[in-house]
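Here is the structure we will look at, set down as structure tokens.
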Amino acid sequence: MRLWPRSLLARLLLVVLAGLLLANALSLTLVMVERMHSARTVMLGNLENDVATSVAILDRLPASERAAWLPRLERGNYRYILGTGEPGAAPTDKRSQDAIRTLKATLAAHYPLSFTAVPGAISHIQAHLTLRDGAPLTIDLIPRMPPVASWLPVVLILQLLVLAVCSWIAVRQVVRPFSHFTRAVDALDPAASTPMTEKGPLEVQRAAHAFNAMQARIQSYLRERAQILASISHDLQTPITRMKLRVEMAGEPELRDKILNDLDNMSRLVREGIAYARSSESLEETSLKLELNAWINSIACDYQDIGKNVHFQAGEARLPIVTRPQALRRVMTNLLDNALKFGEHAAISVDDSSDSEVIIHIVDDGPGIPEAELEAVLQPFYRVETSRNRETGGTGLGLAIAAQLTAQLEGKLRLENRNGGGLDVSITLPRRE
């Protein structure tokens with residue numbers, strides 16, 4: 001059993017709250033000890049003055065009038081009895097001894113005193129004395145401290161709640177920047193330009209500034225890499241075109257066809273390289289509002305018109321979203337081409353059960369991808385030729401381009417093998433209207 005919490009928020013809150021409670025408990029204990037001491041001093045002082053006055057009054061009154069004065073002289077924790085009281089043993093508890101010392105200091109010089117303990121669960125004593133006319137008088141006393149005010153427990157509970165709330169707010173202020181950094185790192189997208197907000201305490205501002213500088217450097221490195229790739233791919237187009245023209249004039253048809261096939265593959269690789277370099281840059285396309293079911297249906301119809309086996313079952317409800325249609329179309333065509341390349345047909349479906357996002361599924365009946373390579377195939381120039389290749393395996397850039405563009409649409413691209421065979425590619429997009 002793990003008692004120590006795992007999160008930093010819970011740990012700091014536990015330490016701070018425990019320290020504050022301990023300090024508060026210590027302060028409260030010292031205050032209560034001082035209060036009890038002061039209250040005991042006040043109680044004994046009042047007992048000394050009041051008893052001396054009351055006994056003097058009873059001593060001077062005629063015996064016939066003393067009984068009428070007893071209710072007037074009675075107090076909350078002691079009273080007077082005209083009689084010998086109850087017999088018993090001498091008191092031994094500390095609280096009784098304090099009261100006995102006070103009574104002796106007050107009355108012993110004028111009256112003979114004796115003390116007995118009254119049996120019971122609480123401290124209860126009687127002081128026996130004889131007035132000047134020989135009449136017995138008993139002081140029935142229950143030594144006790146003044147009761148605690150009824151509002152004090154409520155104040156203590158409110159104080160504990162205030163301590164807990166203040167501790168939580170203070171610790172949350174400390175931990176919140178870590179949570180922001182975690183989310184910023186998880187959402188770090190080299191293709192997007194979304195700097196972290198540089199607000200808060202000075203240390204947090206410095207850390208956010210350093211994070212934004214790091215993100216800018218990463219974006220600069222990736223732009224430089226994409227620019228190099230685009231430049232090389234662009235520069236290769238001209239010599240490849242010249243080579244095609246020269247090969248077409250060659251005299252040997254068999255050799256010419258082989259060389260032309262190689263040049264076509266090189267041209268396709270160059271085009272895909274340029275497309276990938278462009279997909280890594282920030283999109284300049286304006287977001288538009290479209291009806292997703294009708295838009296996807298138009299793409300499926302385009303494939304059906306050229307004899308491709310693509311099916312889409314549109315839902316009855318309208319599904320308006322705001323997105324960049326050209327970028328999303330490139331994603332869809334890349335995924336559909338990939339599905340048709342390795343399968344006989346492709347099926348498109350839309351999951352709109354969530355209010356915050358919409359998921360587009362593209363399902364094929366191909367051989368699928370090994371589980372260990374589902375993430376790797378989204379990297380550029382990665383091909384799984386042994387498991388999914390029928391002819392060439394392509395350039396290895398189609399899925400990488402789709403993943404780049406989906407990220408720039410603030411979405412997620414996910415690959416998953418189907419139980420019955422084939423691949424299920426899902427595009428998750430934010431649902432904004």
> Which atoms form the tightest heavy-atom contact between F115 and P91, and what is the distance?
Replying inline: O-CD, 3.8 Å
> If you draw a 6.0 Å radius around CZ in R329, do more than 12 non-hydrogen atoms from other residues or ligands fall strictly inside?
Replying inline: yes
> Do the side chain of R318 and the main chain of E291 share a donor and acceptor less than 3.5 angstrom apart?
Replying inline: no
> Just wondering, do W168 and L17 contact through their side chains at under 4.5 Å, heavy atoms?
Replying inline: no
> How far apart are the C-alpha atoms of N417 and E371, what are their side-chain angles, what is the distance that settles it, and do they pass the side-chain hydrogen bond (donor to acceptor under 3.5 Å, both in side chains) test?
Replying inline: CA-CA 8 Å; N417 287 311; E371 293 291 335; 3.0 Å; yes
> Between R418 and D424, does at least one N-O distance fall below 4.0 Å, as a salt bridge requires?
Replying inline: no
>> Quick check: do E74 and L70 have side-chain heavy atoms less than 4.5 Å from each other?
In response: no
> Any side-chain heavy atom of L319 within less than 4.5 Å of one from W295?
Replying inline: no
> Are more than 12 heavy atoms from other residues, nucleotides or ligands located less than 6.0 Å from atom CZ of R75?
Replying inline: yes
>> Please find the pair of heavy atoms, one from T106 and one from T102, that lie closest to each other, and give the distance.
In response: OG1-O, 2.8 Å
> Where do V350 and Q313 land on the side-chain contact (heavy atoms from CB on, under 4.5 Å) test, with the steps shown first?
Replying inline: CA-CA 8 Å; V350 178; Q313 185 65 38; over 6 Å; no
>> Could you report the tightest heavy-atom contact between K289 and P320, atom names first, then the distance?
In response: CE-CB, 3.8 Å
> Do any N or O atoms from the side chain of N338 and from the backbone of N334 form a donor-acceptor pair under 3.5 angstrom?
Replying inline: no
> Can you list the steps and then say if M332 with I362 is a side-chain contact (heavy atoms from CB on, under 4.5 Å)?
Replying inline: CA-CA 9 Å; M332 293 289 295; I362 298 177; 4.0 Å; yes
> Given side chains that start at C-beta, do those of L141 and N77 come closer than 4.5 Å, heavy atoms only?
Replying inline: yes
> Does the pair L423 and L374 meet the rule for a side-chain contact (heavy atoms from CB on, under 4.5 Å), with working shown?
Replying inline: CA-CA 10 Å; L423 191 67; L374 286 175; 4.3 Å; yes
> For atom CD of Q205, is the number of surrounding heavy atoms from other residues, nucleotides or ligands below 6.0 Å larger than 12?
Replying inline: yes
> Of the non-hydrogen atoms in L103 and A127, which two are nearest, and what is the gap between them?
Replying inline: CD1-CB, 4.0 Å
> Would a distance-only check, ignoring hydrogens and angles, find a side-chain to backbone donor-acceptor pair under 3.5 Å from T406 to A402?
Replying inline: yes
> Hey, does L336 have a side-chain heavy atom less than 4.5 Å from the side chain of I348?
Replying inline: yes
>> Taking the side chain as everything from C-beta on, heavy atoms only, tell me whether I139 gets closer than 4.5 Å to L107.
In response: yes
>> If the test is side-chain contact (heavy atoms from CB on, under 4.5 Å), which one of D352, D351, L429 qualifies with I359?
In response: D351
>> Nearest 0.5 Å, please: how far is CZ in R172 from OG in S167?
In response: 14.5 Å
> Can you tell me how far SG of C166 sits from CG of L161, rounded to the nearest 0.5 angstrom?
Replying inline: 10.5 Å
> Do I427 and L335 have side-chain heavy atoms sitting under 4.5 Å apart?
Replying inline: yes
> Are V331 and I360 side-chain neighbours, meaning at least one heavy-atom pair lies under 4.5 Å?
Replying inline: no
>> For a quick test of reading the model, state the closest non-hydrogen atom pair linking T323 to L409 and the distance between them.
In response: OG1-CD2, 3.8 Å
>> With a 3.5 Å distance limit and no angle check, can you tell me whether Q126 reaches the backbone of P87 through a side-chain donor-acceptor pair?
In response: no
>> On a heavy-atom basis, which atom in L340 and which in A346 lie closest, and how many Å separate them?
In response: CD2-N, 4.0 Å
> Stepwise, does the side-chain contact (heavy atoms from CB on, under 4.5 Å) test hold for R324 with S287?
Replying inline: CA-CA 5 Å; R324 295 180 172 94; S287 296; 3.8 Å; yes
>> Nearest 0.5 angstrom please: I122 CD1 to I142 CD1, how far?
In response: 4.5 Å
> Within a radius of less than 6.0 Å around CG of N419, do more than 12 heavy atoms belonging to other residues, nucleotides or ligands occur?
Replying inline: no
> Is there a donor-acceptor pair closer than 3.5 Å between any side-chain N or O of E344 and the backbone N or O of D365?
Replying inline: no
